[in-house]
Amino acid sequence: MLDINWIKANPAAFDTALKGRKNVPFSSSELIALDDARRAVIGEVEEAQAKRNSLSKQIGQAKAQKDEAKAQALLEEVAHLKDVVQTGEAKRKEAEDKLRAALAVLPNIPLDEVPVGADEHDNVEYFGPNGTAAAAAKGRPAKPSFSFKPKEHFETGEAMGQMDFEVAAKLSGARFVVLKSQLARLERAIGQFMLDLHVDAHGYTEVNPPYLVRDEALYGTNQLPKFEEDLFFVPHGESRLALIPTAEVPLTNFVRESILSEAELPMRLTALTPCFRSEAGSAGRDTRGMLRQHQFHKVEMVAITTPDASRDEHEKMLADAEDVLKQLGIHYRVVTLCTGDMGFGAQKTYDLEAWLPGQDTYREISSVSVCGDFQARRMDARYRDKDGKVRHVHTLNGSGVAVGRALIAVMENYQQEDGSVAIPDVLQAYMKGLTSIGGRS
RNA sequence: GGAGAGAUGGCCGAGUGGUCGAAGGCGCACGCCUGGAAAGUGUGUAGGCGGGGAACCGUCUCAAGGGUUCGAAUCCCUUUCUCUCCGCCA
C-alpha cells in the first residue's frame with residue numbers, strides 16, 4: 001500500500017516510477033481527486049459532530065443542575081443534527097473505502113537503481129554491492145562439465161523408479177509428483193539442511209507456522225485482492241481459509257497490527273513449509289518434470305527491520321540464500337529484476353538462478369525482495385523508534401531456497417553417467433552417510 | 001458439536017448511560033538522589049484522521065460491524081477471536 005500523502009507531494013515522481021510497471025490502473029491525478037473528495041466529507045462530518053458533542057455535554061450539565069427547561073430547549077436544538085451526522089458518516093466511509101480500494105491494487109514503487117525494462121530479458125546480472133563478474137565467479141561453485149550428455153531431472157528420476165508423475169496424476173491430476181525411496185529422502189534432506197543452515201549460521205528463528213490462513217493475512221502480503229486466482233481455498237464454516245502459497249504469508253503477518261519496540265528489530269524468521277499454488281494462467285509452461293507444481297516445499301526467510309536497515313538486510317538475505325547454493329556446490333547466477341519483471345509488492349528483487357545442465361540453462365531457484373513499508377502499511381505493522389515516534393517497519397522476504405527446485409538442481413548437477421546421482425557432502429549426514437543414490441548396485 | 005466466561009492503551013488491569021481517551025500498575029523517557037549503579041523519588045508517556053507554520057484545536061477509536069439514545073467502554077443484536085468444562089478425535 002502506497003502512502004497517499006507521498007503521492008500528493010510527488011505526483012510526477014509517482015507517475016514516472018510506475019511507468020515501468022504492468023497494470024497500473026490509476027494515475028496520480030485520479031488518486032488525488034479521491035483523496036480531496038475524502039477530505040471534503042471529513043470536514044463536513046466533523047463540524048456536525050463537534051456541534052452535537054458540545055450540545056450533548058450541555059444537556060448533561062443542565063440535567064445535573066435540574067434545569068429541565070434548558071435541557072428541553074437544547075434537545076430540540078440538537079435533534080436535526082442526528083441525521084446530518086449519520087448520513088455524513090456513511091458518505092465518509094464510502095469516500096475512504098474508495099481511496100483504500102484504489103491504493104490496494106497499486107504496485108510498489110521500484111527503487112531508483114532498479115533497471116527499467118519490460119520482461120525477464122531486461123534483468124541485469126548482479127555481482128554484489130561492489131562486485132565484479134570475476135570476483136563473484138571466484139566465490140561461487142563452477143559450472144560442471146560432463147563427459148556425456150546430461151539428462152533432465154525427470155529422466156533420471158523416472159529411470160531410477162523414484163519419481164512418478166503417473167501415480168501422482170492418478171491421485172491428484174497434473175502438476176503433482178510422487179517421490180519415493182531415496183529420492184524422497186533426498187528431498188527431505190535438502191529441506192532440513194537449508195533450514196538448519198539459516199537457523200544455526202544466519203541468525204533466523206525457526207518457525208513452524210499454520211499452512212492455512214485467513215483473508216486478512218493474504219491482504220497483508222499482497223496476495224489479495226489482486227491475485228486471488230493464484231490461490232487454493234478450502235471452505236471453513238461460512239468462510240474460507242487459503243492454503244499458503246509461500247511461508248512469507250504467515251511469517252510476515254506475525255507483526256500485523258502491532259507496534260514493536262525497536263529492540264525487537266531486526267526480526268528474522270525462517271520456516272520449511274509446503275506451498276500451494278494454482279498456477280492459473282501458466283498453462284503450457286514447464287509442463288514436464290517437477291519445476292512448476294501445485295504443491296512444493298520451500299524454505300522461506302522473512303525479516304522485519306527498521307527503515308534504515310532494510311537495504312543492508314536485503315544484501316544479507318541474498319547472501320544467506322547464496323550460501324545454500326555454495327554449500328550444495330550448485331553453480332548459479334544472480335540477477336536484479338527489472339521493473340517489468342518484479343513482483344507486485346517489491347521495491348527491488350534479486351533472483352538466484354541455478355544452473356541446470358540437463359536443460360542447458362539457468363532457472364530461478366530463489367527470489368529475494370525488499371518491500372519497504374509497502375506490506376507494513378497493509379498490515380499496519382509499526383515500531384516505536386528511539387524518540388518514541390511510531391513508524392512503519394520494513395519487510396523483506398526471500399526463498400532460501402525452493403526445495404523442489406534445489407532437488408532438481410542437485411539431480412542435474414550431480415548426475416553420473418550410470419544414471420545415479422552423487423550426494424553433495426553437506427547432505428550426506430542427512431542421508432545416513434550415503435554418497436550416491438539410484439545407481440545399479 | 002454442547003454449556004459457560006471473557007476481549008479495555010506498548011503490556012497488565014479498574015471502570016455498568018454524561019465531567020471517561022479512560023484509575024492504578026508495569027515498561028519507557030527525562031530529572032532528583034548516588035563516587036557510579038540498584039533501590040527510592042518527581043514529571044511525562046495511546047493511535048488514526050482532519051485543520052494549522054507551530055503551539056494547538058477538532059474528530060474517531062475500549063475486539064469488529066450494526067442498533068437504542070441528545071449523549072455509549074458501559075444497554076441491545078450479529079460476527080470474530082480467546083479461555084474453562086463436556087463430547088469427539090490424530
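Just so you know, these numbers come straight off a predicted model, no measurement behind them. All chains are named by letter (A, B, ...) in the order of the sequence lines, taking the proteins before the strands, and each is independently numbered beginning at 1.
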Taking the C1' atom in each of rA23(B) and rC12(B), what is the distance between them to the nearest angstrom?
14 Å
Find the partner of rC89(B): check Watson-Crick (N1-N3 plus N6-O4 or O6-N4) and G-U wobble (N1-O2, O6-N3) distances, both under 3.5 Å, and reply none if neither fits.
none
In this structure, how many angstroms lie between the C1' atom of rU45(B) and the CG atom of D385(A), rounded?
14 Å
Applying a 4.0 Å non-hydrogen cut-off, can you work out what I42(A) is touching in the nucleic acid: base, sugar-phosphate, or nothing?
sugar-phosphate
What is the nucleic acid contact for D380(A), judged by heavy atoms within less than 4.0 Å: base, sugar-phosphate only, or nothing?
nothing
Taking the C1' atom in each of rU69(B) and rC76(B), what is the distance between them to the nearest angstrom?
12 Å
Under 3.5 Å for both donor-acceptor distances, Watson-Crick or wobble: does rG58(B) have a partner, and if so which one?
rC49(B)
Taking only N and O in the side chain of N53(A), is any of them less than 4.0 Å away from OP1 or OP2 of rG18(B)?
no
Between the side chains of R288(A) and E152(A), is the shortest nitrogen-to-carboxylate-oxygen separation below 4.0 Å, so that they form an ion pair?
no
Winner on side-chain proximity to A50(A), out of rG58(B), rC70(B), rG50(B), is rG58(B)
I'd like to know whether K51(A) forms a salt bridge (Lys or Arg N to Asp or Glu O under 4.0 Å) with E47(A), so could you lay out the CA-CA distance, the side-chain angles of the two residues, the decisive distance to 0.1 Å, and finally the verdict.
CA-CA 6 Å; K51(A) 199 162 174 197; E47(A) 194 183 329; over 6 Å; no
Closest approach to the side chain of E46(A), judged atom by atom: which nucleotide of rC49(B), rG47(B), rC70(B) is it?
rC49(B)
Could you say whether G60(A) or L75(A) is positioned toward the 5' end of RNA chain B, judged by the nucleotide with the nearest heavy atom to each?
G60(A)
Using a heavy-atom cut-off of 4.0 Å across all strands, would you classify V45(A) as base, sugar-phosphate, or nothing?
nothing
Nucleotide nearest R384(A) when distance is taken to its side chain, options rG51(B), rG47(B), rC49(B)
rG47(B)
Checking N1-N3 plus N6-O4 or O6-N4 for Watson-Crick, or N1-O2 and O6-N3 for wobble, each under 3.5 Å, the partner of rA5(B) is rU82(B)
Interatomic distance at C1', rG48(B) relative to rG9(B), whole Å
14 Å
Return the pairing partner of rU41(B) with a 3.5 Å limit on both distances, Watson-Crick or G-U wobble; otherwise return none.
rG31(B)
Write down the distance separating the P atoms in rC88(B) and rG1(B), rounded off to the nearest Å.
15 Å
Rounded distance (Å) that lies between atom C1' of rG18(B) and atom CG of D67(A)
16 Å
Rounded distance in Å between the P positions of rG4(B) and rU78(B):
13 Å
Out of rU59(B), rG18(B), rC49(B), minimum distance to the side chain of R38(A) belongs to rC49(B)
Complementary nucleotide of rG10(B), counting Watson-Crick and G-U pairs under 3.5 Å:
rC26(B)
Flag this pair as yes if the NZ/CZ of R277(A) is under 6.0 angstrom from the six-membered ring centre of F232(A) and inside a 45 degree cone about the axis; otherwise no.
no
Interatomic distance where CZ belongs to R100(A) and P belongs to rC49(B) [whole Å]:
12 Å
Just how far, in rounded Å, is P of rG71(B) from NZ of K63(A)?
12 Å
Of the nucleotides rG58(B), rU80(B), rG47(B), which has the atom closest to the R214(A) side chain?
rU80(B)
Please give, in whole Å, the distance from rG58(B) P to E89(A) CD?
18 Å
Using the C1' atom as the reference point in each nucleotide, state the distance between rA3(B) and rG58(B) in Å, no decimals.
47 Å
The residue among I190(A), I365(A), D320(A), L328(A) that forms side-chain contact (heavy atoms from CB on, under 4.5 Å) with V401(A) is I365(A)
Nearest-angstrom distance, C1' atom, rA14(B) to rG65(B)
27 Å
Base-pairing assignment for rC75(B) (Watson-Crick or G-U wobble, both under 3.5 Å):
rG67(B)
Phosphate OP1/OP2 of rC70(B) contacted by R52(A) side-chain N/O (<4.0 Å)
no
Let me see the working for D230(A) and S278(A) under side chain to side chain donor-acceptor pair (under 3.5 Å), right down to the final yes or no.
CA-CA 5 Å; D230(A) 297 335; S278(A) 75; 4.9 Å; no
If you check the Q49(A) side chain, which of rC49(B), rU68(B), rC60(B) turns out closest?
rC60(B)
Would you call the rings of F176(A) and H294(A) parallel, tilted or perpendicular, taking 30° and 60° as the class edges?
tilted
If I take atom CZ in residue R39(A) and atom C1' in nucleotide rC49(B), what distance separates them, rounded to the nearest angstrom?
9 Å
Please evaluate residues E248(A) and Q375(A) with respect to the criterion side chain to side chain donor-acceptor pair (under 3.5 Å), reporting the C-alpha separation (whole Å), side-chain torsions for both, the decisive distance (0.1 Å), and the verdict.
CA-CA 11 Å; E248(A) 172 198 346; Q375(A) 294 180 324; 2.9 Å; yes
Whole-Å P distance, rC28(B) and rU80(B)
39 Å
Calculate the interatomic distance between Y383(A) atom OH and rG27(B) atom P; express it in whole Å.
24 Å
Using 30° and 60° as the class boundaries, would you call the ring planes of Y204(A) and H202(A) parallel, tilted or perpendicular?
perpendicular
Distance check needed: rG10(B) P versus L265(A) CG, whole Å only.
16 Å
When you get a sec, tell me which of rG47(B), rU69(B), rC49(B) is the closest nucleotide to the side chain of K82(A)?
rU69(B)
Comparing nearest nucleotides in RNA chain B, the 5'-proximal residue of the pair Q61(A), K93(A) is Q61(A)
